[in-house]
Amino acid sequence: MYSSSMRNRVLTVSGSGEVTAEPDLASIQLGVVTEGQVLTQLQQENARVMEQVIASVINLGIPRESLETVDYSIVPQYDYESGTQVFRGYQITNMISIKTENISQTGEVIDTAVDNGANQIRDIHFSIENSEAFYQQALALALRDAYMKAATMARSMRLQVDHAPLKVIERSQHDPIPLARTQTFAAATPIEPGELNIEAAVEVQFQFFA
């Protein structure tokens, strides 16, 4: 049995762990932006080009259900002449998200879409479909790191530490962090997904006694 004064002796340490993994899922946001004065004609033209883009991507073997509209907007455009607002026309933006498990196909998807009328590339995001498994590995490393720190501090101060922690607080970022990525939008677009870093962090309290 520890006395009440012993129970108040608490050693608090932090621990961190990280695991690197290659992404297995790519998400590409691209679209068609058109401008003109006659809205109905502009809508038809934008829709025609977007259908052409979608068809070209599906022809690469990407299922239609992997495509999703993420933005559609119609914005009036104005010029200013001598301080006066003059209507210039409309701008229609139609953006889709394309997901593929074939990471090596990312550059081909971009090139094909651009060749068929896409004129805006908004974002490329690489991720891991089952990132939770890697996070659990990182969390285990973080807990081990915290225990080793507590043991080292206890030895240095000639103290004994109860191996069973009083409290464990998870302080983690679940989203994988890109370590390296290249995005160059040119002919035969090279896309390098690099690796993702999955991090975990904990704060652990141990009881110690002399």
Could you tell me if [Y] and [X] have a donor-acceptor pair between their side chains, going purely by distance under 3.5 Å?
X      : Y      : answer
Asn197 : Glu199 : yes
Gln85  : Tyr80  : yes
Ser27  : Ser97  : yes
Ser104 : Asn102 : yes
Glu45  : Gln41  : no

Checking the side chain of [X] only, and the main-chain atoms of [Y] only, is there a donor and an acceptor separated by less than 3.5 Å?
X      : Y      : answer
Asn94  : Val33  : no
Asp145 : Ser16  : yes
Lys149 : Ser14  : yes
Asn46  : Leu42  : no
Ser156 : Thr152 : yes
Glu170 : Ala200 : no
Gln77  : Val75  : yes

Atom [atom1] in [X], atom [atom2] in [Y]: separation rounded to 0.5 Å?
X      : Y      : atom1 : atom2 : value
Asp71  : Ser73  : CG    : OG    : 5.0 Å
Arg171 : Glu203 : CZ    : CD    : 4.5 Å
Lys99  : Glu129 : NZ    : CD    : 9.5 Å
Gln37  : Tyr90  : CD    : OH    : 9.5 Å
Leu67  : Ile58  : CG    : CD1   : 6.0 Å
Arg158 : Gln160 : CZ    : CD    : 13.0 Å

Next item on the list: Please assess Glu35 against Arg88 for the test salt bridge (Lys or Arg N to Asp or Glu O under 4.0 Å), listing each intermediate value before the final yes or no.
Entry: CA-CA 9 Å; Glu35 294 185 356; Arg88 178 162 55 88; 3.6 Å; yes
Check: Would Ile62 and Ile98 count as a side-chain contact (heavy atoms from CB on, under 4.5 Å) if you check the C-alpha gap in whole Å, the side-chain angles of each, and the deciding distance to 0.1 Å?
Finding: CA-CA 8 Å; Ile62 296 177; Ile98 305 168; 3.9 Å; yes
Checklist line | is_close_aromatic(His163, Tyr147), centroid dist under 6.0 Å | finding: yes
Side-chain heavy atoms of [X] within contact of [Y], under 4.5 Å:
X      : Y      : value
Gln43  : Ile92  : yes
Glu108 : Asp111 : no
Asp162 : Phe206 : no
Leu143 : Val168 : yes
Ile74  : Gln91  : no
Arg122 : Leu30  : no
Ile198 : Ile128 : yes
Gln120 : Met95  : yes

Nearest heavy-atom pair of [X] and [Y]: which atoms, and what distance?
X      : Y      : result
Ala26  : Thr106 : CB-OG1, 3.6 Å
Val161 : Ala154 : CG2-CB, 3.2 Å
Glu101 : Leu25  : CG-CD1, 3.8 Å
Val53  : Gly117 : CG2-C, 4.0 Å
Pro23  : Leu196 : CB-CD1, 3.8 Å
Ala146 : Val13  : O-CG2, 3.4 Å

Item checked: Met148, CE atom: more than 12 neighbouring heavy atoms under 6.0 Å -> no
Please check if [X] and [Y] belong to a single hydrophobic cluster, counting links between Ile, Leu, Val, Met, Phe, Trp and Tyr side chain heavy atoms closer than 4.5 Å.
X      : Y      : result
Leu60  : Ile103 : yes
Val49  : Leu39  : no
Phe208 : Met157 : yes

Next item on the list: Evaluate the criterion side-chain contact (heavy atoms from CB on, under 4.5 Å) for residue pair Met153 and Leu11; output intermediate values, then yes/no.
Entry: CA-CA 9 Å; Met153 295 169 68; Leu11 176 65; 3.6 Å; yes
Item checked: Option passing side chain to side chain contact (heavy atoms under 4.5 Å, CB included) with Thr112 (candidates Asn116, Ile110, Val114) ->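 With Thr112 as partner, Asn116, Ile110, Val114 yield a single side chain to side chain contact (heavy atoms under 4.5 Å, CB included), made by Asn116.
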Next item on the list: With side-chain contact (heavy atoms from CB on, under 4.5 Å) as the test, would you mind laying out the steps for Val204 and Thr12 before giving the verdict?
Entry: CA-CA 6 Å; Val204 186; Thr12 302; over 6 Å; no
Next item on the list: Start with the C-alpha distance between Ile169 and Val202, add both sets of side-chain angles, then the distance that settles side-chain contact (heavy atoms from CB on, under 4.5 Å), and finish with yes or no.
Entry: CA-CA 6 Å; Ile169 302 173; Val202 294; over 6 Å; no
